[in-house]
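Notes to accompany the following structure.
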Amino acid sequence: MSLVTLRRRYLDGETTPSEAIAKLAEEIASRDPRTGAYLSHDLDLALKSAAGADLSKPLGGLPIGIKDNINTLAQPCSCGSNFLAKKYTSPYDATVIRKLKEAGAIPFGRMNMDEFAMGSATENSAFQLTRNPHDHDRIPGGSSGGSAAAVADGTAFAALGSDTGGSIRQPASHCGVVGLKPTYGRVSRFGLVAFASSLDQIGPLTRTVDDAALILQAIAGHDPQDSTTLDAPVPDYSAQIDLGVKGVRIGIAQEYFGEGIHPGVRENVESRIRQLEGLGAVIVPISLPHTEHAVATYYVIAPAEASSNLSRFDGIRYGNRAPNPADIIDLYHQSRELGFGPEVKRRIILGTYVLSSGYYDAYYTRAQKVRALITRDFKHAFEAVDVILSPVAPTPARKIGACTDDPLQDYLADIFTIPANLAGIPGMSVPCGTTSFDGADNLPVGLQILAPHLGEAMMLRVAKAAEGLSLP
Ligand code: GLN
């Protein structure tokens, strides 16, 4: 059931928040031991909030799962890491949580994720695998894999995720749900544990496009506690969502349909684009010539920022502390050695290297220059089009364990999602049929919709039109 439907049922007196949450807990108990989307949930606390829910508010009494890197007062926040597990409880609410609560929502459940959001499969969680509800031998995507899997599994109505290089859109695509990464600065990052601060954004994973609009409406806006938020008015995202695509200019970049795309993904996305054309959209060929450099650019900038951000985990201030250090340096050393998993260490080493004197200009400065070129590609493109459509990922969900020895394969698969983070533009994933892949049938495919800065309203409108279509 969507949030919109659940809300209508509350208002019609057909069910209550307490009933909905109790039912959700039953679903979690029956299915989540297999899926592994939840790290924890506090039923008593949620029932308490449900009893006092104000149904007149836009999200009154609606339970929403929270990715485990978003601080929620008095709840654990482990970021999927042993560094923080069982040793850190949030002393405050992130701005998005405060806003969700003000809108009446009930944060319910901490969703599994790749450690510190580094990954594309949720296999880097220090605690558990999350399985794709469409095929339990496959990854749900990542890093917001718990959020996506729960929504797909019917164990959450909706959830928040975070997206640094695709971590909302790619798991949404793999699990067949809707995922929205807002414009950089549209949603406050205050209280989101930082991975790469110039790229991170929080956004919703939902069953429907209307639900994504509903959550975005509640969490968007300027925040004095995050100086990178934009001081721009928040439009009514539902007002124009049903206007359709007649006359809307859709850009198609050949760089997003090149080599390495699974034929089923290409077919589904192309046929959805033709259907939108049939509804009156105008297809415009465009070029994003620097796309091929996006993955390399991201894997310099994101680790660089991560190496700096993660220096706060020093064994003194948060979480894990080495038991018997010889001295203070040994305390740092041992705490970090024991607390971080292998992928996080790889990123810290990579990031420290590209920032080190002698290499800074060759890697970090150069990556920033390429980032500017990628941003300019989009600026040019959006002079001629309203949105850009593409696949979200080159293939449907792969099998669990298939990239353990070769993380580069996962990095390369971020090719279509990373550019939006580098340019700071919004992007969405909308379900776009299913296909066969690598011995499995009926695996979800996602259609990506990219829009210019603060173009969320148009993006949602195209998403809603695409959602209503079924493939021939
Ligand atoms: N897969 C990318 C990475 O591993 C993106 C992660 C994210 O968006 N948090 O860095």
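Since the model is a prediction, treat every value here as computed from it, not as a measurement. Order of listing sets the numbers, starting from 1, for every ligand and every atom in it. Heads up: numbering here begins at 1 and tracks the sequence.
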I need the contact residues for ligand 1: any residue with a non-hydrogen atom closer than 4.0 Å to the ligand, ordered by chain then number. A117, M118, G119, S120, S143, D163, T164, G165, G166, S167, F195, Y298, Y299, R347, D414

Is it true that the side chains of [X] and [Y] contain a donor and an acceptor less than 3.5 Å apart?
X    : Y    : value
R189 : S162 : no
S78  : R110 : no
D114 : S143 : no

Filter on salt bridge (charged side-chain N to carboxylate O under 4.0 Å, His left out), then keep only pairs touching residues 252-270, sequence neighbours left out; what's left? R266-E270

For residues 402-426, pull every pair meeting ring-ring contact (aromatic ring centres under 6.0 Å, His included), keeping only residues two or more places apart or in separate chains. Y256-F416, Y299-Y411

Who are the side-chain contact (heavy atoms from CB on, under 4.5 Å) partners of I316, not counting sequence neighbours? D314, R321, I328, L331, Y332

